[in-house]
Each structure stands twice: as structure tokens, then as C-alpha cells.
Amino acid sequence: MNDQERILKFHIFRYNPQKKGDKPRMVTYEVTEAPGMTIFIALNEIREQQDPSIQFDFVCRAGICGSCAMVVNGSPTLACRTLTSKYESGEIKLLPLPGFELIGDLSVNTGKFMRAMSERVESWIHDQYADEVNFDKLEERMDPEVADQIYELERCVECGCCVSACATKRMRPDFLSAVGFMRLARFALDPRDKRTNEEFYEIMGDDDGVFGCMTLLGCEDYCPKDLPHQTQIAYLRRKMAFVR
Amino acid sequence: MKVIYTDSLVIGGGLAGLRVAIASRQRGFDTIVLSLIPAKRSHSAAAQGGMQASLGACIKGEGDDEDVHFADTVKGSDWGCDQDVARMFVNTSPKAIRQLSAWGVPWSRVRGGDREVVINGEKVTITEKQDAQGLITARDFGGTKKWRTCFTSDGTGHTMLYAMDNKAIQMGIPVHERKEAIALIHEGGLCYGAVVRDLITGELAAYVAKATTIATGGYGRLYAVTTNAIISEGIGNAIALETGIAALGNMEAVQFHPTAIVPVGILTTEGCRGDGGLLLDKDGYRFMPDYEPDKKELASRDVVSRRMTEHMRKGKGVSSRYGDHLWLDITLLGRKHIEKNLREVKEICEYFLGIDPVKEYIPVRPTQHYSMGGIRTNATGESPTLKGLFSAGEAACWDMHGFNRLGGNSVAETVVAGMIVGEFVSDYCAANSLNVSTATIEHFINQEKKKITDLLMRNQGENPFELKAEMQKIMMDKVGIFRNGQDLEKAVEELKVLNQRAREIALRNRISSSNPELVEAIRVPKMIKLAQCVAYGALLRTESRGAHAREDYPERNDRDWLKRTLTTWKDEGSDLPEVKYEDLDVMKMEMPPGSRGYGVDNTIHHPDTKKRISQIETIKEANPGADRYELQELLNPTMIPEKFKGRNERIGRGFK
Ligand SMILES: Cc1cc2nc3c(=O)[nH]c(=O)nc-3n(C[C@H](O)[C@H](O)[C@H](O)COP(=O)(O)OP(=O)(O)OC[C@H]3O[C@@H](n4cnc5c(N)ncnc54)[C@H](O)[C@@H]3O)c2cc1C
Ligand code: SF4
Ligand code: SF4
Ligand code: FES
């Protein structure tokens with residue numbers, strides 16, 4: 001572990017829309033780096049010792065819950081698992097994730113976006129019998145490989161990094177985005193979901209859906225869970241191309 | 001005054017809360033879920049290990065059933081649990097997991113044929129049955145006789161929570177995010193909902209309901225270092241306590257896990273030690289064999305945690321700016337093994353410590369992990385003293401965990417309690433009409449408004465962040481893994497002082513809308529009260545049971561302490577809670593107190609234990625033809641809702 005102490009400079013976007021007359025600005029804070037310091041630790045130190053009004057969102061602080069995505073020196077990422085030691089210059093610039101409603105400072109409303117996304121893609125098993133399953137009996141069997149593959153696509157934590165890194169989303173506000181595609185791919189793969197290709201087409205078969213994607217793959221580059229966006233978008237496209 | 005009406009108000013959008021809301025909606029009631037954060041980010045998502053249900057499909061689970069699961073759970077609890085509730089739980093858990101499967105959880109499945117596993121440090125080959133192919137499989141976990149912990153790779157909680165929230169979205173259940181319940185509305189022994197603060201606008205609103213369920217998770221953040229999420233602050237428990245009517249149960253029952261990384265307290269799996277990793281002190285010395293010559297690093301969780309603490313108190317810890325710690329050394333396992341079998345540990349080390357565990361030691365220390373205590377409820381999930389108030393999940397002391405919960409039993413509890421308590425919540429909604437005056441609602445809103453105004457007006461006073469840090473330090477140092485009368489007395493006294501000081505909090509950022517300092521100022525006095533319940537309960541309980549370990553009273557004392565601690569806070573002005581006890585009736589136990597089969601057995605027995613054992617023998621002899629279901633009905637009749645009474649099918653065994 002590196003024990004050498006240095007002074008970090010955090011340049012942080014500050015703006016509280018709830019406060020009358022407040023204006024967006026960048027504010028610099030100095031923090032003495034500690035071994036193993038993450039942006040989570042540093043931001044809390046700033047809040048506790050320098051400015052108690054600063055807003056940001058952390059929940060699990062373990063890279064699991066997807067709450068803390070922000071733009072760190074130009075790249076959208078999970079702040080809680082980002083070590084300050086990664087930045088050699090000691091200068092760290094923090095901006096809120098673009099593409100989402102700003103709550104204040106580094107806090108954005110990803111929750112609202114993700115709920116709407118889930119409603120739009122109908123992010124649940126479509127099976128009229130799912131609620132009538134007799135749970136006293138043996139469960140329906142599933143190919144172990146298929147179960148593992150579904151899990152691989154379900155590892156998305158709804159952090160929003162892919163959305164903020166997407167050029168198409170910037171031009172088309174209603175673009176479904178990679179997180180939505182990933183969710184659709186997950187359900188399309190699931191034999192328990194009885195939706196037909198036509199039904200999936202209804203959800204994503206237009207320019208706000210999978211045909212609007214320019215495959216520039218900002219999503220794949222910045223997804224902190226390394227989800228296979230490229231292959232899944234290609235898979236959905238092929239699937240949709242057969243419909244009409 | 002903003003008032004929102006519903007039938008079933010659920011505070012908490014984790015697994016437990018969402019499942020109660022789903023049950024309410026299924027029965028046709030209007031329901032609203034409140035959450036500090038988007039529901040899918042609740043701490044339930046962090047559970048990785050798995051969920052216990054006795055499906056018995058994998059070969060190492062063969063022979064498992066509700067009875068075996070029941071026995072493990074009761075022993076795990078050190079006989080502190082409510083056996084009626086443990087019974088309801090084990091019988092319902094297989095149904096819960098099968099329902100979740102239909103709702104979309106991609107449970108890992110049995111692969112028929114040979115596979116290689118590591119048992120007891122050695123590679124062995126086991127052969128899964130071909131006819132179990134594709135059924136839900138399970139892994140091994142501490143304190144269980146069979147492999148019973150069902151999982152989805154290393155993301156069980158995540159997939160469970162996503163399936164549950166997706167189901168809630170499908171049913172159109174509204175989740176009001178970024179809302180914090182800060183007080184309960186009640187009158188004449190009946191609960192009518194909560195006063196809720198919007199964390200963005202700061203607006204206060206009353207959510208008025210027939211039934212109110214608190215499912216706010218654990219209170220791990222009373223401690224400076226915990227594996228819990230930073231929102232696991234126990235506010236749901238505190239607002240119940242502040243009614244002066246609802247009681248908290250067994251608050252002193254707090255579980256510690258031996259190996260969380262320093263400083264952030266993220267869990268590294270027990271598998272590190274299971275696979276041969278060692279614990280070293282500041283001199284690089286392997287100390288565990290000195291304390292536990294037999295089991296060494298692989299003694300039970302509570303034992304290892306206690307030994308590590310003991311060693312650090314002797315000055316053998318590695319000092320760091322984040323306090324003392326020890327080393328976990330897995331370098332001896334080699335790169336291949338770590339990258340294949342401990343991938344997740346490796347990632348955690350890389351991201352959070354910037355180290356490569358293949359070459360470097362991991363800084364670890366025992367860390368707060370789970371809250372067995374919580375809002376005391378009946379088996380129906382309802383507070384016995386405050387009608388219309390229900391609780392489920394980690395926030396509740398429904399009491400299937402007693403003084404120690406088994407790994408994998410917690411996410412299982414959240415879902416099972418959600419199902420069962422959800423039915424009783426619905427029954428309550430069906431049987432009662434809403435009868436609360438506007439004046440009462442206004443009274444509670446105004447009371448909270450005044451507190452906030454006072455905070456915003458005060459010019460000078462205490463810093464909430466500092467108070468919280470002091471509280472967390474007291475809990476760490478004096479109410480930790482090892483407890484003793486002297487330290488606990490000091491903790492109780494010091495917390496009293498903090499409680500006083502917390503009445504004088506002043507803010508630097510004096511605005512009422514989104515303001516993290518105000519959030520802290522509202523929460524910290526509540527958290528200090530909870531800390532007082534934990535510390536005071538621990539001081540009074542002069543025995544050791546499960547996770548509650550008193551150096552000065554090392555024996556489990558069934559004779560004097562086979563009882564549940566009940567804490568209330570009647571007078572807002574007092575600086576200590578009131579503590580009472582509720583006896584556990586040995587004569588009603590399906591499984592009378594005995595030895596856990598691990599740890600030291602130094603029990604002082606209860607006079608009824610022998611009586612009950614012979615009574616059970618007599619009942620068994622009088623009913624020679626009774627099968628296990630009939631026997632259980634004779635020994636421990638439960639009040640499981642009709643829906644969940646069916647027997648559970650198992651491969652190769654049918655419904656027997
Ligand atoms: C690292 C870790 C690993 C774990 N692994 C396992 C495992 O493998 N197996 C297992 O069985 N258990 C495990 N557990 C335990 C288990 O995950 C938890 O006990 C369980 O998920 C708690 O669920 P819950 O629904 O009760 O609460 P939570 O999931 O914690 O949800 C609490 C909810 O309440 C809301 N809330 C809180 N306060 C308020 C308020 N005042 N107003 C409004 N809303 C509020 C929050 O926003 C949140 O939605 C683990 C725990 C940890 C910390
Ligand atoms: S490939 Fe490009 S356009 Fe398509 S979703 Fe990803 S980032 Fe957006
Ligand atoms: S797909 Fe990846 S980047 Fe996008 S929300 Fe999910 S985890 Fe985040
Ligand atoms: S706080 Fe949960 S991912 Fe960062």
C-alpha cells in the first residue's frame with residue numbers, strides 16, 4: 001500500500017435547483033489523501049469537514065447498487081469503487097451524470113428514469129400462469145446453462161453510465177438506451193417469458209428503439225459491469241429484422 | 001397540509017417491504033411503498049451468498065426438509081428464537097423460492113453428473129442425480145446440516161430484488177422514492193401511518209393508512225464499521241420506539257463477521273479461510289492456532305471474531321489511519337486458484353484497496369453485519385402493543401433468529417415474512433376502517449415541523465456529524481463483539497451524554513429543502529436512542545447467548561435468561577429506555593433447549609427443560625403412528641395463513 005500523503009484537489013460541480021438564486025459553478029476542495037481512499041470516502045470527508053450542503057448519492061458503497069455513478073475526470077463511472085490513487089495528477093473533476101434530471105450537485109434522478117424504462121420495456125415475466133403456479137410442487141426446470149446466461153445479462157445495476165455515454169440518447173431524448181436493450185435481451189432469452197418477437201418489436205422496433213442505435217458503443221466502454229452490449233444489441237437487431 | 005391516503009402503507013422498498021406491498025395489492029388493497037432511494041438499490045441487493053430453503057434437489061441436500069431446517073435455525077439462534085415463527089418460516093421458504101422462480105429469478109440449477117468441489121480443504125468429486133437436472137440447486141453455508149442455500153451465482157440478493165421490484169412495477173404499485181418516514185401517526189394505541197419528509201423538496205406530508213408496515217432493514221450504521229449500506233441506520237426502528245408504545249425486541253443481539261476489508265468494511269467471503277487463507281498480526285505472525293488449537297482460522301464466525309478482537313486489544317493489530325486491523329493472507333493459494341475461485345474477492349481488493357491479493361495481504365477486521373433485534377411483533381407481524389403497526393424483514397424482531405441468525409436465512413426471512421405478514425396486513429385492512437381525525441394528523445405534522453424549524457433557527461450548537469462519529473466509536477469500542485460490565489456501563493453513561501447533546505444540534509447549512517446536514521440532524525438523535533437500547537440491553541443481559549458474548553458472564557444461562565428483551569421509550573425527556581422481559585415458554589417448545597453442537601457448551605439449564613423433554617417423549621409414545629406433519633401439529637401448532645399450508649414436494653420423495 002502506498003503510504004505517501006498528498007493533497008488532492010477536487011473540482012466539484014455545485015448547483016442546488018431547490019435554492020432560489022443558486023447558480024451552477026465549479027468549487028475546489030482540498031483533501032489529504034489517505035491509503036485506500038475512494039471518492040466515496042473523500043466526498044464524505046468534504047461534507048463532514050468542509051461543506052455540509054454538498055449532495056451526492058451513495059448506498060452500498062461497494063459497487064453493487066448502482067447509486068453513485070458520476071463523471072470523474074470525463075468518464076462516467078461508479079464513484080464508490082474509484083480510488084483516488086488512480087489519478088496521478090491529484091486533480092479530480094466531478095460532474096453529475098448527464099442525461100438525467102439533476103437533483104443537486106452530484107445527485108441525479110436515475111431512479112425515475114429506470115422505473116420509466118422498466119415500465120416501457122415491461123420488465124417482467126409475461127406468462128399468464130405465473131400467478132397461478134402451484135408453489136407446493138417442484139418448480140419448472142430450467143437448463144442450467146440458460147439460467148447462468150440470464151444471470152449474466154441481469155447483472156446490470158441501473159447505474160446509468162451507458163445512458164450518459166450514448167451519443168444517440170443526447171440527440172433523441174426518448175431513445176430507449178443500452179440499459180433498456182440489455183433488459184429486453186434478458187427477457188427475450190428467458191424461456192419463462194412468453195412474449196413473441198412481434199410483441200418485442202412493438203417495444204423497440206423503431207428509431208427510439210434498437211434501430212436508432214448507431215453502435216458507437218459508448219455503452220459498452222463505460223458499463224461498470226462489463227455487460228456485453230455489442231453482442232446483445234446485434235442480437236436484438238437480428239431478432240427484430242426478421243419480424244418485418 | 002398534504003395528506004395522502006392508502007390502505008396499506010409500507011415503509012421500505014427492500015425485499016420485505018415490496019413483498020408485503022405485493023401481498024396487499026393481490027388482496028385488492030391500495031398500497032404505497034416509501035423508500036429513501038430507488039427500490040432496486042435497497043440493501044437487499046448486496047446479499048450474495050444465497051437464500052435457505054429445504055428443496056433438497058442437489059445431492060448434498062438429499063434428506064433435507066422443513067424439520068432439519070427448523071433444527072438448524074433454532075440451534076443457530078441459541079434457543080433465543082420464537083419457535084412458532086421459525087416453524088412458519090421453514091414451512092414457507094420452499095414456496096417462496098418457487099414463487100420467485102416463476103417471477104423471474106434465474107436460480108442456479110442442478111447439473112446432473114460428476115462435478116468437482118472443495119470440501120474441508122480437499123478436492124472431491126460428487127455426483128448429482130440426473131433426475132434432478134434443471135431443478136434449483138444449493139450450496140453449503142455455516143451452521144447448516146445440509147446444502148440448503150439456493151443462489152444465483154454471486155448475485156442472489158440482486159436477482160431477488162430485481163424480480164420482486166419488477167413484479168411490483170407490473171402490478172402498478174407506486175414506490176415513492178427519496179422519501180423518509182420520520183414519525184409515526186398514532187392515537188389510542190392505534191397506528192395510522194407516518195409523517196414523511198421529501199428528501200428533495202423538504203416538504204412534510206402525512207401518509208395516512210389503515211395498516212402501516214415498517215420494513216426499513218437493519219441498524220448496522222450505529223457502528224463505525226459495518227458491512228451494511230450507509231442507509232442502514234435503523235430509522236424505521238427509531239420511529240417505532242419514539243411512539244412510546246411499540247417495543248423493540250432483543251436490540252443487543254448484533255452479529256459480527258470476521259473478515260470485512262479495512263477501511264470500508266466490505267465483506268470478503270468466508271471462502272477465503274475455507275480455502276486455506278490465514279489470519280496474521282502486525283508481526284506477520286499466525287495467531288489463531290494459539291487461541292483455537294483445534295479449528296484455528298476455521299472456528300465459527302463468532303469465535304473467530306472474538307479471538308481477532310482479543311488479539312488486537314493486546315496491541316497486536318496493524319495500526320492505520322483508519323484504526324487497527326489484521327491481515328488476511330491468501331497469497332499461499334496461488335494466482336490460479338484466486339482468479340478462478342475467489343474472483344470476487346480479487347475484484348474487491350483491486351477496486352477498493354488497489355492491491356493484488358495474489359501478492360499482498362488483505363487488511364481485515366471483524367465487522368458489524370446483521371441486526372437480529374428490531375420491532376417486536378407477534379407471529380402475525382403486528383406489534384402487540386400498537387395495533388395497525390406491522391414490521392417485516394431485518395427491521396423486525398418477528399424473531400426467527402433469536403441471538404444469532406444463520407447465513408442465508410435473512411433474505412429468506414424477508415420474502416417469507418413478506419408473504420405471511422402481508423396476509424395478516426390484508427386481513428387487518430379488510431377488518432378495519434380508517435378512523436382518524438384531521439386534528440390528530442395535524443398534531444403529528446406540526447410536531448415534526450417544529451423540530452425542523454428549531455433545528456434551522458438554532459444559532460449555535462452541536463455538529464450532527466461529530467455526534468454520530470462519537471456514537472459510532474462508543475459502539476465499536478464498548479458494545480462490540482466482546483462485551484463486559486465495565487465497558488458497557490461506560491457506554492451507557494457516554495451515550496446518555498450524547499443523547500443530551502443531541503438535543504442541541506445546530507446547522508451550518510440552514511435550508512429546509514434538500515440538505516444532507518438536516519437529514520443527519522433528524523436522524524442522529526434517533527440513532528443515539530437506538531444505540532442506547534443496544535448498549536443498555538447488553539449491560540443488563542448478564543449471560544452469553546449467540547452473538548451476545550459477555551466476558552464476565554461466559555455461560556448461556558437458560559435458568560435466568562431464556563427471555564426476550566423488550567425496550568420502550570415512554571418519556572421523550574428521559575435519557576434511558578425502559579427495559580422489560582418476555583419469557584420464552586420452554587413447555588411450548590417443539591425443540592427444548594440443548595447443545596448447539598458447536599462452540600463451548602456451558603449452559604445453565606432451565607428447570608422446565610427436562611420436563612418438556614419427557615413430555616415430548618410421552619406425546620410421541622402416545623401417537624406411534626403419527627407422521628412428521630402430525631407430530632409437528634401436536635408439538636407446535638402454527639398459524640400459517642391458509643394459502644401457505646400445503647406440503648412441499650421434493651424430488652425422489654414426493655410430498656412426504
Ligand atoms: C454485505 C451483506 C451480505 C449479505 N448476504 C446475505 C446472504 O447471502 N444471505 C442472506 O440471507 N442474507 C444476507 N445478508 C442480509 C440481508 O441482505 C438483509 O438482512 C436483507 O436483505 C434485509 O432486507 P430488508 O427488506 O429487511 O431491508 P433492506 O433491503 O435493507 O431495505 C430497507 C428499505 O427501507 C427503506 N428505508 C429505510 N429507512 C426508511 C425511512 N425512514 N423511510 C422510508 N424508507 C426507509 C430503504 O430505502 C430500503 O428501501 C447480507 C447483508 C449484507 C450487509
Ligand atoms: S451502441 Fe452507441 S448508440 Fe447504441 S446504445 Fe450504445 S452508446 Fe447508444
Ligand atoms: S447496462 Fe451497465 S452501464 Fe448501463 S445501467 Fe446497467 S450496469 Fe449501468
Ligand atoms: S454506492 Fe452502490 S454502487 Fe456505488
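Here is how names work: the chains are called A, B, and so on, in the same order as the sequence lines, proteins then strands, and each is numbered from 1.
For the set A:C60, A:S107, A:C80, A:S53, the count of heavy-atom pairs under 4.5 angstrom toward chain B peaks at A:S53. Each of A:V59, A:N109, A:I150 has some count of heavy-atom pairs under 4.5 Å with chain B, and the biggest count is that of A:V59. Between chain B and the options A:K86, A:E145, A:E122, the largest number of non-hydrogen pairs under 4.5 Å is found for A:E145.
The minimum heavy-atom distance linking B:D131 with A:R141 is given by the pair O-NH1, 2.7 Å. Across all non-hydrogen atoms, the minimal contact from A:Q55 to B:S514 is NE2-OG, 3.0 Å. Between B:R109 and A:A147, the shortest heavy-atom distance links the atoms CG-CB, 3.9 Å. Pairing each heavy atom of A:P52 with each of B:N509, the nearest pair is CG-CB, 4.2 Å.
Proximity to chain B is absent for every atom of A:E152, based on heavy atoms less than 4.5 angstrom apart. For A:D57, the part sitting under 4.5 Å from any heavy atom of chain B is the side chain, from C-beta outward, and nothing else. Heavy-atom distances place no part of A:C68 under 4.5 Å from chain B, backbone and side chain included. The part of B:V110 that comes within reach of chain A is its backbone (N, CA, C, O), which places non-hydrogen atoms under 4.5 angstrom from that chain. Looking at B:L161, neither its backbone nor its side chain comes within 4.5 Å of chain A, counting heavy atoms on both sides. At a 4.5 Å heavy-atom cutoff, the contact between B:R178 and chain A is made by side-chain atoms alone. Of the two parts of B:R221, only the side chain, counted from C-beta on, holds a non-hydrogen atom closer than 4.5 Å to a non-hydrogen atom of chain A. Only the side chain of B:I37 comes within less than 4.5 Å of a heavy atom of chain A; its backbone N, CA, C and O stay farther away. Heavy atoms closer than 4.5 Å to chain A are found in both the backbone and the side chain of B:R111. Both the backbone and the side chain of B:I200 come within contact range of chain A, each with at least one heavy atom under 4.5 Å from a heavy atom of that chain. Neither the backbone nor the side chain of B:T92 comes within contact range of chain A; no heavy atom of the residue lies under 4.5 Å from a heavy atom of that chain. Contacts of B:F352 with chain A are made by both backbone and side-chain atoms, with heavy-atom separations under 4.5 Å. Interface residue B:T201: backbone and side-chain heavy atoms are both found under 4.5 Å from chain A. Within the 4.5 angstrom heavy-atom criterion, only backbone atoms of B:K643 (N, CA, C, O) approach chain A. Only the backbone of B:A132 has a heavy atom closer than 4.5 Å to any heavy atom of chain A.
Here B:R647 does not pair with A:D136 in a salt bridge; the nearest charged N to carboxylate O distance is not below 4.0 Å. Between B:R98 and A:E139 there is a salt bridge, since at least one side-chain N of the basic residue sits less than 4.0 Å from a carboxylate O of the acidic one.
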Could you go step by step and tell me if B:N166 and A:R183 meet the side chain to side chain contact (heavy atoms under 4.5 Å, CB included) rule? CA-CA 11 Å; B:N166 286 337; A:R183 190 62 50 83; 4.2 Å; yes
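Screening residues 36-50 of chain A for side-chain hydrogen bond (donor to acceptor under 3.5 Å, both in side chains), with sequence neighbours left out, gives no hits.
Listed by chain and number, the residues in a side chain to side chain contact (heavy atoms under 4.5 Å, CB included) with B:D356 are B:R335, B:K346, B:V358, B:K359, B:E360 (sequence neighbours excluded).
In the displayed structure, B:E350 atom CD is contacted under 6.0 Å by more than 12 heavy atoms of other residues, nucleotides or ligands.
Interatomic distance, CD of B:Q170 versus OG of A:S123, reported as 10.0 Å (0.5 Å rounding).
In the model, A:R155 has no side-chain atom that pairs as donor or acceptor with a side-chain atom of B:S153 under 3.5 Å.
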